[in-house]
Amino acid sequence: MSALGALLVLWGAGGLYVLRRRQDMLPLRLGRALLEDLAVLRRQICLCRAPLPAILAKELCRGPGAQALWEPLARRLERAQAGEGVSLPRCWAAAVRELPQPLGELLAPLGPLLPAGGGALARAIDETREELTRYLRREQERQSMAARLTAAACLSGAALVILVLI
């Protein structure tokens with residue numbers, strides 16, 4: 001019976017570890033998706049000269065980036081076009097505020113440049129992608145250290161509970 005209890009405690013600690021890792025990895029997964037999405041956005045706006053609502057509906061409608069940024073932005077733009085009088089930069093600022101930090105801070109400077117498009121926007125997107133890449137590298141290193149610490153904490157906590165129960 002005690003072996004079954006110990007096994008259940010270890011299983012619970014493993015579940016806690018997986019849940020914690022999933023939560024910790026969200027900014028990293030979202031950052032990677034947004035890095036790819038920014039390349040699509042740059043190509044569509046600066047090279048193809050497509051309007052932003054069409055890009056959001058056709059090119060950026062899938063994945064974690066769509067759920068976190070592009071769909072909320074599209075909804076805000078629809079409301080703005082319906083007569084609320086909100087500008088594109090304000091819609092952008094409101095949408096990026098909902099992102100986990102520092103992703104929102106990294107993307108915020110693009111908002112004022114979106115209406116103009118052109119070379120300034122292309123350079124800003126390239127700079128943002130470089131900053132995002134640096135952030136992702138640092139976050140990956142931090143996540144690997146945090147994973148080891150989380151695993152050690154979960155395992156040692158489970159071992160302590162097992163010792164107390166025995």
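- Under the 4.5 Å side-chain heavy-atom criterion for grouping Ile, Leu, Val, Met, Phe, Trp and Tyr, Val40 is connected to Leu34 within one hydrophobic cluster.
- The CG atom of Leu106 sits 8.5 Å away from atom CD of Gln101, with the distance rounded to the nearest 0.5 Å.
- For the pair Glu98 and Arg76, the salt-bridge criterion is met [side-chain N within less than 4.0 Å of a carboxylate O].
- Sorted by first and then second residue, the pairs that involve residues 126-136 and meet salt bridge (Lys or Arg N to Asp or Glu O under 4.0 Å), not counting sequence neighbours, are Arg42-Asp126.
- For the pair Leu35 and Tyr135, the minimum side-chain heavy-atom distance is 4.5 Å or more.
- A 4.5 Å side-chain heavy-atom check between Ile125 and Ile45 finds every atom pair outside the cut-off.
- Heavy-atom neighbours of Gln140 CD from other residues, nucleotides or ligands within 6.0 Å: above the threshold of 12.
- Side-chain contact between Leu114 and Pro89: absent, with no pair of heavy atoms (C-beta onward) separated by less than 4.5 Å.
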Could you give me the CA-CA distance, side-chain angles and deciding distance for Glu78 and Arg75, then say whether salt bridge (charged side-chain N to carboxylate O under 4.0 Å, His left out) is met?
-> CA-CA 5 Å; Glu78 286 174 8; Arg75 284 191 300 271; over 6 Å; no
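- In this structure, the side chain of Trp92 does not engage the main chain of Pro109 through any donor-acceptor pair within 3.5 Å.
- To the nearest 0.5 Å, the span separating CG on Leu107 from CG on Leu38 amounts to 5.5 Å.
- In terms of heavy-atom proximity, Leu113 sits nearest to Ala124 at CD1-CB, 3.3 Å.
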